[in-house]
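Below is one structure, written out as C-alpha coordinates, with a few remarks after it.
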Amino acid sequence: MQIGLKRLQPPELFPYLKALKIQQEVAQLIKNQQKSHSQVIFYVEHPPTFTAGRRIKNTLTTEGARLNTLNAEYYEVDRGGQTTFHGPGQLVCYPVLNLKSHSLTVRAYVELLQNVLINTCSHFGITSHRGKCSETGVWVEDRKIAAIGVQVSRYITTHGFALNCSTDLSWFEHIVPCGITDKGVTSIKTEFKLMGRDGDISIKDVIPIATESFREALNCEILPLEQIDEELNQHINKLMLSL
(Lines give C-alpha, C1' and ligand atoms only; values in the text may rest on other atoms or scores of the structure.)
Protein backbone atom coordinates (compact mmCIF):
# COMPACT_ATOMS: atom_id res chain seq x y z
CA MET A 1 0.00 0.00 0.00
CA GLN A 2 1.19 3.50 -0.86
CA ILE A 3 0.23 6.81 0.76
CA GLY A 4 0.91 10.19 -0.81
CA LEU A 5 2.70 12.99 1.04
CA LYS A 6 1.82 16.64 0.37
CA ARG A 7 3.06 19.90 1.92
CA LEU A 8 0.50 22.69 1.63
CA GLN A 9 2.34 25.82 0.52
CA PRO A 10 2.87 28.54 -0.66
CA PRO A 11 2.47 30.68 1.27
CA GLU A 12 4.78 29.24 3.93
CA LEU A 13 2.07 29.97 6.51
CA PHE A 14 -0.91 28.37 4.78
CA PRO A 15 -4.39 29.63 5.76
CA TYR A 16 -6.33 27.27 8.01
CA LEU A 17 -9.62 27.49 6.15
CA LYS A 18 -8.00 26.68 2.80
CA ALA A 19 -6.29 23.63 4.31
CA LEU A 20 -9.60 22.49 5.81
CA LYS A 21 -11.40 22.78 2.47
CA ILE A 22 -8.63 20.87 0.67
CA GLN A 23 -8.68 17.92 3.05
CA GLN A 24 -12.50 17.85 2.95
CA GLU A 25 -12.41 17.87 -0.86
CA VAL A 26 -9.94 14.97 -0.97
CA ALA A 27 -11.95 13.03 1.62
CA GLN A 28 -15.09 13.50 -0.48
CA LEU A 29 -13.34 12.29 -3.63
CA ILE A 30 -12.35 9.13 -1.79
CA LYS A 31 -15.85 8.57 -0.39
CA ASN A 32 -17.41 9.13 -3.83
CA GLN A 33 -15.15 6.41 -5.30
CA GLN A 34 -13.49 8.94 -7.62
CA LYS A 35 -10.21 8.41 -5.78
CA SER A 36 -11.12 5.37 -3.74
CA HIS A 37 -7.54 4.03 -3.60
CA SER A 38 -5.86 7.34 -2.78
CA GLN A 39 -4.73 8.36 0.69
CA VAL A 40 -2.81 11.51 1.55
CA ILE A 41 -0.88 12.84 4.53
CA PHE A 42 -0.86 16.63 4.47
CA TYR A 43 1.72 18.72 6.35
CA VAL A 44 1.14 22.42 6.89
CA GLU A 45 2.17 25.39 9.01
CA HIS A 46 -0.59 27.91 9.75
CA PRO A 47 -0.64 31.61 10.60
CA PRO A 48 -1.99 32.28 14.14
CA THR A 49 -5.33 30.48 14.32
CA PHE A 50 -7.55 29.25 17.14
CA THR A 51 -9.99 26.41 16.48
CA ALA A 52 -12.81 25.05 18.63
CA GLY A 53 -13.94 21.42 18.37
CA ARG A 54 -17.46 20.19 17.76
CA ARG A 55 -18.45 20.35 21.44
CA ILE A 56 -18.11 24.15 21.33
CA LYS A 57 -20.87 26.02 19.50
CA ASN A 58 -22.03 29.59 18.89
CA THR A 59 -18.86 31.31 20.11
CA LEU A 60 -17.88 33.26 16.98
CA THR A 61 -19.21 36.56 18.33
CA THR A 62 -17.90 36.04 21.87
CA GLU A 63 -14.74 33.98 22.23
CA GLY A 64 -14.04 34.35 18.53
CA ALA A 65 -14.32 38.12 18.64
CA ARG A 66 -11.96 38.27 21.63
CA LEU A 67 -9.32 36.14 19.94
CA ASN A 68 -9.68 38.03 16.66
CA THR A 69 -8.39 41.14 18.49
CA LEU A 70 -5.05 39.31 18.83
CA ASN A 71 -4.75 39.29 15.02
CA ALA A 72 -5.57 35.61 14.97
CA GLU A 73 -8.26 33.71 13.11
CA TYR A 74 -10.94 31.71 14.93
CA TYR A 75 -13.07 28.84 13.61
CA GLU A 76 -15.55 26.33 14.98
CA VAL A 77 -14.81 23.00 13.26
CA ASP A 78 -16.05 19.40 13.21
CA ARG A 79 -13.07 17.67 14.84
CA GLY A 80 -13.04 16.18 18.32
CA GLY A 81 -11.60 18.10 21.24
CA GLN A 82 -12.07 21.65 22.47
CA THR A 83 -10.09 24.84 21.78
CA THR A 84 -6.49 24.80 20.58
CA PHE A 85 -3.99 27.00 18.78
CA HIS A 86 -2.18 26.63 15.47
CA GLY A 87 0.61 28.91 14.39
CA PRO A 88 4.16 29.44 13.18
CA GLY A 89 6.66 26.87 14.38
CA GLN A 90 4.00 24.18 14.76
CA LEU A 91 3.84 21.11 12.52
CA VAL A 92 0.20 20.41 11.69
CA CYS A 93 -0.60 17.08 10.06
CA TYR A 94 -3.86 16.17 8.35
CA PRO A 95 -3.94 12.49 7.33
CA VAL A 96 -6.78 11.68 4.93
CA LEU A 97 -6.78 7.91 5.33
CA ASN A 98 -9.20 5.03 4.87
CA LEU A 99 -9.35 3.33 8.26
CA LYS A 100 -11.05 0.29 6.77
CA SER A 101 -8.07 -0.38 4.51
CA HIS A 102 -5.80 -0.33 7.59
CA SER A 103 -8.19 -2.38 9.76
CA LEU A 104 -8.28 0.42 12.32
CA THR A 105 -11.02 1.52 14.68
CA VAL A 106 -11.24 5.22 15.54
CA ARG A 107 -9.70 4.56 18.95
CA ALA A 108 -6.88 2.52 17.41
CA TYR A 109 -6.28 5.33 14.92
CA VAL A 110 -5.95 7.94 17.67
CA GLU A 111 -3.51 5.63 19.47
CA LEU A 112 -1.56 5.28 16.21
CA LEU A 113 -1.25 9.08 15.95
CA GLN A 114 -0.07 9.17 19.55
CA ASN A 115 2.57 6.55 18.76
CA VAL A 116 3.72 8.54 15.71
CA LEU A 117 4.17 11.60 17.91
CA ILE A 118 5.86 9.72 20.76
CA ASN A 119 8.34 8.14 18.35
CA THR A 120 8.98 11.49 16.67
CA CYS A 121 9.72 13.14 20.01
CA SER A 122 11.94 10.21 20.98
CA HIS A 123 14.10 10.81 17.92
CA PHE A 124 14.92 14.24 19.34
CA GLY A 125 15.73 12.80 22.77
CA ILE A 126 12.40 13.78 24.34
CA THR A 127 10.50 11.22 26.41
CA SER A 128 6.76 11.70 25.94
CA HIS A 129 3.64 9.74 26.72
CA ARG A 130 -0.10 9.50 26.21
CA GLY A 131 -2.31 11.48 28.54
CA LYS A 132 -4.87 10.04 30.91
CA CYS A 133 -8.21 8.93 29.50
CA SER A 134 -9.60 12.50 29.46
CA GLU A 135 -6.34 14.08 28.30
CA THR A 136 -5.90 13.75 24.56
CA GLY A 137 -2.66 14.37 22.75
CA VAL A 138 0.90 13.66 23.81
CA TRP A 139 2.64 14.93 26.93
CA VAL A 140 6.10 15.50 28.38
CA GLU A 141 5.49 15.00 32.10
CA ASP A 142 2.56 17.41 32.67
CA ARG A 143 3.28 19.60 29.65
CA LYS A 144 1.37 19.07 26.42
CA ILE A 145 3.61 18.96 23.37
CA ALA A 146 1.04 17.83 20.78
CA ALA A 147 -2.71 18.08 20.36
CA ILE A 148 -4.88 15.52 18.55
CA GLY A 149 -8.37 16.04 17.16
CA VAL A 150 -9.88 13.92 14.40
CA GLN A 151 -13.04 13.53 12.37
CA VAL A 152 -14.03 10.23 10.75
CA SER A 153 -16.84 9.86 8.22
CA ARG A 154 -17.49 6.61 6.35
CA TYR A 155 -14.06 5.38 7.48
CA ILE A 156 -12.27 8.41 5.97
CA THR A 157 -10.27 10.61 8.34
CA THR A 158 -9.76 14.37 8.38
CA HIS A 159 -8.06 16.77 10.82
CA GLY A 160 -5.19 15.19 12.78
CA PHE A 161 -2.46 16.50 15.08
CA ALA A 162 -0.43 19.61 15.88
CA LEU A 163 3.11 19.21 17.23
CA ASN A 164 4.77 22.22 18.84
CA CYS A 165 8.27 22.48 17.39
CA SER A 166 9.39 26.08 17.93
CA THR A 167 5.96 27.55 18.60
CA ASP A 168 5.56 30.79 20.55
CA LEU A 169 3.81 29.25 23.56
CA SER A 170 2.49 32.59 24.80
CA TRP A 171 -0.39 32.17 22.33
CA PHE A 172 -1.76 29.39 24.54
CA GLU A 173 -2.12 31.83 27.45
CA HIS A 174 -5.22 33.25 25.77
CA ILE A 175 -7.17 29.98 26.00
CA VAL A 176 -7.56 26.89 28.15
CA PRO A 177 -5.83 24.45 25.78
CA CYS A 178 -8.15 21.52 25.03
CA GLY A 179 -10.17 22.40 28.15
CA ILE A 180 -7.46 21.16 30.56
CA THR A 181 -6.96 23.75 33.30
CA ASP A 182 -4.17 22.36 35.48
CA LYS A 183 -1.50 21.46 32.90
CA GLY A 184 0.95 23.43 30.78
CA VAL A 185 2.18 23.34 27.19
CA THR A 186 5.62 22.80 25.76
CA SER A 187 7.52 22.45 22.50
CA ILE A 188 10.54 20.58 21.18
CA LYS A 189 12.55 23.81 21.41
CA THR A 190 11.45 24.38 25.02
CA GLU A 191 12.38 20.84 25.98
CA PHE A 192 15.80 21.33 24.39
CA LYS A 193 16.34 24.34 26.65
CA LEU A 194 15.23 22.41 29.74
CA MET A 195 17.76 19.71 28.85
CA GLY A 196 20.50 22.33 28.39
CA ARG A 197 20.72 21.70 24.67
CA ASP A 198 21.45 24.47 22.20
CA GLY A 199 20.03 24.83 18.75
CA ASP A 200 16.75 25.71 17.09
CA ILE A 201 14.37 23.40 15.29
CA SER A 202 11.98 23.94 12.40
CA ILE A 203 9.12 21.89 11.02
CA LYS A 204 11.37 21.03 8.07
CA ASP A 205 13.58 19.17 10.55
CA VAL A 206 10.61 17.27 11.94
CA ILE A 207 8.71 16.31 8.78
CA PRO A 208 11.03 13.46 7.66
CA ILE A 209 11.07 12.01 11.19
CA ALA A 210 7.28 12.13 11.50
CA THR A 211 6.94 10.59 8.04
CA GLU A 212 9.20 7.69 8.99
CA SER A 213 7.15 7.20 12.16
CA PHE A 214 3.99 7.06 10.02
CA ARG A 215 5.63 4.54 7.69
CA GLU A 216 6.46 2.25 10.60
CA ALA A 217 3.07 2.66 12.26
CA LEU A 218 1.04 2.05 9.08
CA ASN A 219 3.48 -0.49 7.61
CA CYS A 220 3.23 1.04 4.16
CA GLU A 221 5.20 3.09 1.66
CA ILE A 222 4.89 6.87 1.89
CA LEU A 223 5.97 8.82 -1.18
CA PRO A 224 5.47 12.33 -2.56
CA LEU A 225 1.92 12.48 -3.89
CA GLU A 226 3.05 13.38 -7.42
CA GLN A 227 4.80 10.00 -7.63
CA ILE A 228 1.62 8.12 -6.75
CA ASP A 229 -1.29 10.11 -8.18
CA GLU A 230 -0.27 13.05 -10.35
CA GLU A 231 -3.88 13.78 -11.27
CA LEU A 232 -4.85 14.25 -7.61
CA ASN A 233 -1.66 16.19 -6.97
CA GLN A 234 -2.50 18.65 -9.77
CA HIS A 235 -6.06 18.96 -8.51
CA ILE A 236 -4.79 19.91 -5.05
CA ASN A 237 -2.33 22.37 -6.58
CA LYS A 238 -5.21 24.09 -8.34
CA LEU A 239 -7.21 24.19 -5.10
CA MET A 240 -4.28 25.80 -3.29
CA LEU A 241 -4.34 28.63 -5.85
CA SER A 242 -8.11 29.00 -6.29
CA LEU A 243 -9.64 28.71 -2.81
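Note that this is a predicted model, so its numbers are computed, not measured.
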Would you call [X] and [Y] a side-chain contact if the rule is heavy atoms closer than 4.5 Å?
{"X": "T127", "Y": "V140", "answer": "no"}
{"X": "I236", "Y": "L8", "answer": "yes"}
{"X": "S101", "Y": "M1", "answer": "yes"}
{"X": "F85", "Y": "V185", "answer": "no"}
{"X": "V96", "Y": "I41", "answer": "no"}
{"X": "I209", "Y": "F124", "answer": "yes"}
{"X": "L232", "Y": "L225", "answer": "yes"}

Just by distance, do the side chain of [X] and the backbone of [Y] share a donor-acceptor pair under 3.5 Å?
{"X": "D168", "Y": "S170", "value": "yes"}
{"X": "T105", "Y": "A108", "value": "yes"}
{"X": "E45", "Y": "G89", "value": "yes"}
{"X": "R66", "Y": "T61", "value": "no"}
{"X": "S187", "Y": "S166", "value": "no"}
{"X": "T157", "Y": "P95", "value": "yes"}
{"X": "H129", "Y": "V138", "value": "no"}

Hey, what do you get for CG (L20) to CG (D78), rounding to the nearest 0.5 Å?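 Answer rounded to 0.5 Å: 6.5 Å.
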Under the side chain to side chain donor-acceptor pair (under 3.5 Å) test against Q90, which residue among T49, N164, T84 passes?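 It is N164, the one option of T49, N164, T84 that forms the side chain to side chain donor-acceptor pair (under 3.5 Å) with Q90.
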Could you give all pairs that pass the salt bridge (charged side-chain N to carboxylate O under 4.0 Å, His left out) test and reach residues 12-34, with sequence neighbours left out?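 Of all non-adjacent pairs touching residues 12-34, those that pass salt bridge (charged side-chain N to carboxylate O under 4.0 Å, His left out) are R7-E12.
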Determine which pairs satisfy salt bridge (charged side-chain N to carboxylate O under 4.0 Å, His left out) with at least one residue from residues 217-236, sequence neighbours left out, and list them in order.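 Applying salt bridge (charged side-chain N to carboxylate O under 4.0 Å, His left out) to every pair that reaches into residues 217-236, excluding sequence neighbours, yields K35-D229, K35-E231.
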Side chains of [Y] and [X]: any donor to acceptor distance under 3.5 Å?
{"X": "N98", "Y": "H37", "result": "no"}
{"X": "Q39", "Y": "H102", "result": "yes"}
{"X": "T51", "Y": "R79", "result": "yes"}
{"X": "T186", "Y": "E191", "result": "yes"}
{"X": "T62", "Y": "T59", "result": "no"}
{"X": "S202", "Y": "D205", "result": "yes"}

Considering residues at least two apart in sequence or located in another chain, which fulfil the side chain to side chain contact (heavy atoms under 4.5 Å, CB included) criterion with K238?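 With sequence neighbours excluded, K238 shows a side chain to side chain contact (heavy atoms under 4.5 Å, CB included) to no residue whatsoever.
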Contacts of T211 that satisfy side chain to side chain contact (heavy atoms under 4.5 Å, CB included) - sequence neighbours left out: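 So T211 forms a side chain to side chain contact (heavy atoms under 4.5 Å, CB included) with L5, Y43, I207, I222.
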Within 6.0 Å of CZ in F192, more than 12 heavy atoms from elsewhere: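 Atom CZ in F192 is crowded, with more than 12 foreign heavy atoms closer than 6.0 Å.
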Would you find more than 12 non-hydrogen atoms of other residues, nucleotides or ligands less than 6.0 Å from N32 atom CG?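 Counting other residues, nucleotides and ligands, CG of N32 exceeds 12 neighbours.
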Transitive ILVMFWY cluster of [X] at side-chain heavy atoms under 4.5 Å: who else is in it?
{"X": "L194", "answer": "none"}
{"X": "L241", "answer": "none"}
{"X": "I228", "answer": "L223"}

Who are the side-chain hydrogen bond (donor to acceptor under 3.5 Å, both in side chains) partners of R197, not counting sequence neighbours?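 For R197, no residue satisfies side-chain hydrogen bond (donor to acceptor under 3.5 Å, both in side chains) once neighbours in sequence are set aside.
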What residues, two or more places apart in sequence or in another chain, satisfy side-chain hydrogen bond (donor to acceptor under 3.5 Å, both in side chains) together with S213?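 Listed in chain order: T120.
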Pairs meeting criterion ring-ring contact (aromatic ring centres under 6.0 Å, His included) with involvement of residues 57-77, two or more places apart: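 Listed once each, the pairs are Y16-Y75.
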Mind running side chain to side chain contact (heavy atoms under 4.5 Å, CB included) on T158 and Y94 for me, showing each step along the way? CA-CA 6 Å; T158 51; Y94 299 128; over 6 Å; no
What is the minimum heavy-atom distance between [X] and [Y], and which atoms define it?
{"X": "H174", "Y": "E63", "result": "O-OE2, 4.3 Å"}
{"X": "C165", "Y": "V206", "result": "SG-CG2, 3.7 Å"}
{"X": "G125", "Y": "M195", "result": "O-SD, 3.7 Å"}
{"X": "F14", "Y": "H46", "result": "O-ND1, 2.7 Å"}
{"X": "L163", "Y": "I145", "result": "CD1-O, 3.6 Å"}
{"X": "S128", "Y": "I118", "result": "OG-CA, 3.4 Å"}

Once salt bridge (Lys or Arg N to Asp or Glu O under 4.0 Å) is applied, do any residues pair with R130, and if so which ones, sequence neighbours excluded?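 For R130 there are no salt bridge (Lys or Arg N to Asp or Glu O under 4.0 Å) partners, ignoring immediate neighbours.
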State plainly whether one hydrophobic cluster holds both V44 and L97, where clusters connect Ile, Leu, Val, Met, Phe, Trp and Tyr through side-chain heavy atoms under 4.5 angstrom apart.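 In one cluster with V44: L97, no.
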Partners of F42 by ring-ring contact (aromatic ring centres under 6.0 Å, His included), sequence neighbours excluded?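 ring-ring contact (aromatic ring centres under 6.0 Å, His included) list for F42, sorted by chain: empty.
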